[in-house]
Amino acid sequence: ELNVFEATADHAHRLILTTPVLSPRKFSALVSQQDEAFRSQTIQLSYDPQQETLKQAILVLCQEAEQAANNGAVILVLTDAELEEGWLPIHAALATGAVHHHLGRCGLRPRVNLLVETGYARDAHQMAVLFGVGATAVFPYLAYQVMADMHRSGELVGNPADARENYRKGLQKGLYKILSKMGISTLTSYRGSQWVEAVGLSSEVMELCFPGMASRIEGTGFAELQLQQELLARDAWLPRKGIQQGGLLKYVHGHEYHAY
């Protein structure tokens, strides 16, 4: 952001996004800008659990983001793509919230945009959480890869580009609905507002990643979050293990408990 009290031609030198949910083409265009005014830097949301804990990894991530902002990066890409075996991902919401607040405390947040390239965000609620904790835009690469695989297998028919466009339209309508229920008319007002309440996260997580967000009860800490990722990673790298849907939305025997 430039000085709003001194209007110059540089104020008009901007990149305009028509949607905060990026297509593969727009994401590639953003991160490959040759213009120094939109220089980007990619920061990996992963860590080696043999060398550091999840909390330590988030603190290191914040320092990397601060250094990138001080070095003139305008677009910070937080990505959990291309995860190496033996490494664990940092959840995109934890990383985005921690980086957003750390840069704010350093007075650097207005200088940069946070682009989140993640496989965690797939539906409108998950997107809204990322925007609520400070993301500028989101690139849901895993959702696009799943759709491409469904086209290859014949589960989806038609033009793949049309399917991606319909997916983004659905997400945008979901975001409109969430924002309108909050009485918020623009995404800019929603971004970083933390207009939600956390349930089941410990004080150490809230203080580092979501300071100021409402949280009435204690719960999962960094150690438990890391353990969950380790259990997932153990199965993810075993070829004989199939993909498990988890049963969050619909009851699946042996998975998430449902009261009905």
Side-chain angles (χ1 to χ4, degrees), residues 21-22 24 27 31 42-61 64 77-99 114-127 129-130 133 135 138-156 160 163-164 167 171 198-202 204-205 208-209 219-258:
V21 183
L22 302 178
F27 177 76
V31 299
T42 300
I43 302 177
Q44 290 291 331
L45 302 183
S46 59
Y47 66 101
D48 185 354
Q50 302 299 324
Q51 302 293 329
E52 56 188 350
T53 64
L54 174 58
K55 184 176 182 178
Q56 292 171 338
I58 293 176
L59 292 172
V60 171
L61 174 69
E64 291 179 2
V77 182
L78 307 179
T79 177
D80 54 35
E82 300 179 4
L83 189 66
E84 298 181 10
E85 185 173 0
W87 287 55
L88 298 177
I90 303 174
H91 195 287
L94 297 176
T96 304
V99 169
L114 298 181
L115 265 61
V116 184
E117 180 188 13
T118 180
Y120 282 112
R122 298 173 298 279
D123 60 34
H125 169 75
Q126 294 162 341
M127 299 284 178
V129 169
L130 288 178
V133 297
V138 177
F139 177 56
Y141 71 89
L142 184 59
Y144 292 131
Q145 291 178 3
V146 169
M147 282 189 286
D149 185 68
M150 293 175 73
H151 274 97
R152 283 192 295 268
S153 64
E155 293 179 73
L156 285 180
R164 292 192 295 269
Y167 170 68
L171 289 177
V199 178
L201 290 178
S202 69
E204 62 170 349
V205 176
L208 178 58
C209 301
T220 303
F222 285 114
E224 291 83 5
L225 291 171
Q226 180 172 340
L227 177 60
Q228 291 173 9
Q229 289 294 342
E230 290 174 348
L231 294 176
L232 285 173
R234 184 186 63 185
D235 292 342
W237 293 101
L238 290 177
R240 62 183 179 82
K241 286 279 188 177
I243 297 177
Q244 301 176 2
Q245 67 186 70
L248 288 175
L249 302 179
K250 184 179 180 181
Y251 173 75
V252 177
H253 179 72
H255 292 280
E256 191 73 17
Y257 172 77
H258 287 242

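Given the structure is predicted, the values throughout are model-derived calculations rather than measurements.
- For the residue pair Gln226/Glu230, the side-chain donor-acceptor check at 3.5 Å is satisfied.
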Full working for side chain to side chain contact (heavy atoms under 4.5 Å, CB included) between Tyr120 and Leu130 = CA-CA 10 Å; Tyr120 282 112; Leu130 288 178; over 6 Å; no
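- Proximity of Met147 to Pro160: side-chain heavy atoms (C-beta onward) are nowhere separated by under 4.5 Å.
- A heavy-atom distance below 4.5 Å is not found between the side chains of Leu225 and His91.
- Taking every heavy atom of both residues into account, Gln51 and Gln56 meet most closely at O-OE1, 4.5 Å.
- Between the CD atom of Glu117 and the CD atom of Gln44 there is a distance of 8.0 Å, given to the nearest 0.5 Å.
- Among the candidates Thr79, Thr118, Asp80, the single residue satisfying the side chain to side chain donor-acceptor pair (under 3.5 Å) test with Tyr141 is Asp80.
- Leu88 is not listed as a side-chain neighbour of Leu54, based on a closest heavy-atom distance of 4.5 Å or more.
- Here Ala57 pairs with Tyr47, Glu52, Ile90 under the side chain to side chain contact (heavy atoms under 4.5 Å, CB included) rule; sequence neighbours left out.
- Taking the six-membered ring where tryptophan is involved, the planes of Tyr167 and Tyr144 are perpendicular, since the angle between them exceeds 60° and thus also 30°.
- Here the side chains of Ile43 and Leu61 are in contact, with some heavy-atom distance below 4.5 Å.
- A heavy-atom distance below 4.5 Å is found between the side chains of Pro24 and Arg164.
- Applying the salt bridge (charged side-chain N to carboxylate O under 4.0 Å, His left out) rule to Asp123 yields no partners; only residues at least two apart in sequence or on another chain are considered.
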